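Counting starts at 1 for both ligands and their atoms, following the listed order. Everything numeric in this text was worked out from a predicted model, so none of it was measured.
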Amino acid sequence: MTELLIVPAHRELSERVHWLIQLRWLAIIGALITIVIANALLPNTLPLVPLVGVTLTIAIYNLCLYLYANRLDKYDFSSRYRQSLIIAHVQITMDLVALTLLLHFAGGLENPFFFYYVLHMITTSILLSRRSSLVYAGLATVLFCGMLVLEARGIIPHYNLKGYRAPSRYAEPMHIFSVSFALASTFFFTAYFASSVMSRLRARTEDLIEANQACELQVQQLAELNEKLKKAEEMRTQFTLLVTHELRAPVAAIHSYLKLILDGYVPPEKQRDILERSERRAREQLDLIADLLELGRIQQKAATDKTVPVQIDEILRGICDMMRTQAQEKGLAFNVEIAPSLPPVKATPDHIKQVWMNLISNAIKYTKPGGSVTVSVSQNPNYVVGEVQDTGIGIAPEYQTRIFDEFFRTDEAKAMERQGTGLGLSIVKRIVEVYGGRIWVESEVGKGSKFTFILPKIS
Ligand code: ADP
């Protein structure tokens, strides 16, 4: 039996074992009251000592069962189930024996309370399997019929309810047979029907529990998704704040420059200089807006533009001359190494061009004159590999992942090159990742950096 099935079966059984114990206390009180009333109605007829004795015995074993059942909570699932099963069998057997004894001392066949066996059959079917219920129906039949036969044969005494039934009736074979047959068939039918209903109910409960577990799983998944959404929302808010801050700075600068001129604080000979500064800040802001637009469009562009097989080495060749000129103007050596027969990658050519341009112009920007920039393309079994290496200022280890964050610039980079949006590497990273690739940097401060990106090959 799987854990899933043990859990409801166990819960049901141990709960019902407790319930039956509670019910038995009521039955004991009911039995005592019945004995008192019967004794008042039929004075000097009932053997009070054995009747009260049997009732007290029931009370004693019920107390033992109560104490034992309460200890079960300490056990684990499966042993609790096994122990509850034992308690159920013990109490049903004891109850049948006790009922038979009570009936025997209170008139045997003359006593109409023999129908109480049927109640036991129902409780048995509620607690146990159909097979066990039928076995207990058999046991009840044996006990009741056995008592009748033994009494009729005089092997055990018969207690006649004087004034209630004629003493000869209990010995009439026909009467004994008809009552026994009617009762035995009632036992078996009750056991069969009640256990059928119970087994259906159990199956339904198990279905419900399974459905409930599936629901709980979905609730958990939804909670996780919700958490992710919250995080995404938080990141979006932070990004918006950052963007607003970055966009505000150049506008504030331009505003204060213009105000100085308008308020007459700038002499005419200095006005051109201030206007040039304003124009520079305006250009910076335009660059920033262009980069921001670019960043926002990558995903959309990758989805809508035609992603075609792209030779990234060809695209590199296309921009090489322009980049070489820039490098040489700054006094840098510029080397290109392209491996032969490279396979294509799936991307849009514009995006690949942007990756190369951003990485190479950074290398040129952050390398002092006299240094060198080396660009290479090669392949490994699954990817086409692009590398841009320089002998520039380098990046401290603690910043090597942060440089890919939006707007992040190191102080060394700001000191060397005032102009920069801090968005170039974020754009590159997003492009590479949108096509299933990766980018990383290896760098040493003062010695240089090597940016490597990989894109899946189309074979
Ligand atoms: P920007 O170049 O506009 O500052 P990027 O996003 O392209 O923005 O780069 C982010 C930061 O990463 C740079 O400010 C610089 O600190 C660092 N960085 C990028 N490339 C290099 C490089 N080749 N050498 C040293 N630092 C670099």
Side-chain angles (χ1 to χ4, degrees), residues 238-239 242-243 245-247 249-250 253 280-298 316 319 323-324 326-337 350-377 385-434 437-453:
Q238 260 176 3
F239 184 70
L242 215 60
V243 170
H245 175 81
E246 293 293 323
L247 285 176
R280 216 169 32 237
R281 300 307 298 259
R283 205 166 357 103
E284 275 172 27
Q285 197 180 33
L286 283 176
D287 287 349
L288 192 66
I289 291 169
D291 277 357
L292 275 172
L293 282 173
E294 194 52 52
L295 196 66
R297 275 200 210 124
I298 292 168
L316 176 62
I319 57 165
M323 291 323 238
R324 179 172 288 113
Q326 267 186 32
Q328 283 168 352
E329 271 172 8
K330 199 176 168 185
L332 302 174
F334 189 79
N335 313 304
V336 178
E337 295 160 10
D350 278 357
H351 274 157
I352 298 298
K353 187 172 168 187
Q354 235 173 330
V355 169
W356 280 129
M357 299 259 290
N358 273 322
L359 293 178
I360 299 171
S361 52
N362 273 354
I364 296 172
K365 208 158 58 169
Y366 300 117
T367 305
K368 289 183 187 128
S372 69
V373 173
T374 305
V375 187
S376 70
V377 206
V385 183
E387 283 176 354
V388 178
Q389 186 161 12
D390 62 54
T391 56
I393 56 170
I395 303 153
E398 63 270 29
Y399 299 134
Q400 286 177 12
T401 49
R402 291 190 66 193
I403 53 165
F404 296 100
D405 291 347
E406 289 85 5
F407 305 112
F408 183 82
R409 303 189 72 206
T410 60
D411 289 340
E412 292 72 18
K414 282 184 202 159
M416 186 165 181
E417 185 64 52
R418 216 187 62 83
Q419 210 172 327
T421 59
L423 286 173
L425 285 181
S426 318
I427 293 174
V428 169
K429 186 168 187 275
R430 247 189 233 191
I431 292 176
V432 171
E433 286 176 356
V434 104
R438 251 175 4 99
I439 180 165
W440 65 93
V441 66
E442 294 152 87
S443 181
E444 215 177 309
V445 175
K447 293 218 168 140
S449 313
K450 183 166 91 174
F451 285 83
T452 308
F453 67 90

Item to complete: Search all heavy atoms of L359 against all heavy atoms of F453 and return the closest pair with its distance.
Response: CD1-CD2, 3.7 Å
Worksheet, complete the sentence: For P369 and K330, the nearest pair of non-hydrogen atoms, with its separation, is CB-O, 3.2 Å
Discussion item. Within the structure provided, determine whether F407 and L292 are in side-chain contact (heavy-atom separation under 4.5 Å).
Written reply: yes
Worksheet item: Protein residues near ligand 1, heavy-atom distance below 4.0 Å?
Response: N362, A363, K365, Y366, D390, I393, G394, I395, I403, F408, R409, T410, A413, G420, T421, G422, L423, G424, L425, S449, F451
Practice prompt. Run the salt-bridge test on E433 and K429 with the 4.0 Å N-O cut-off and return the result as yes or no.
Written response: yes
Discussion item. Looking at E294 and R430, is any side-chain nitrogen of the basic one under 4.0 Å from a carboxylate oxygen of the acidic one?
Written reply: no
Item to complete: Count the heavy atoms of every other residue, nucleotide or ligand shown that sit under 6.0 Å from OH of Y399, and state whether that count exceeds 12.
Response: no
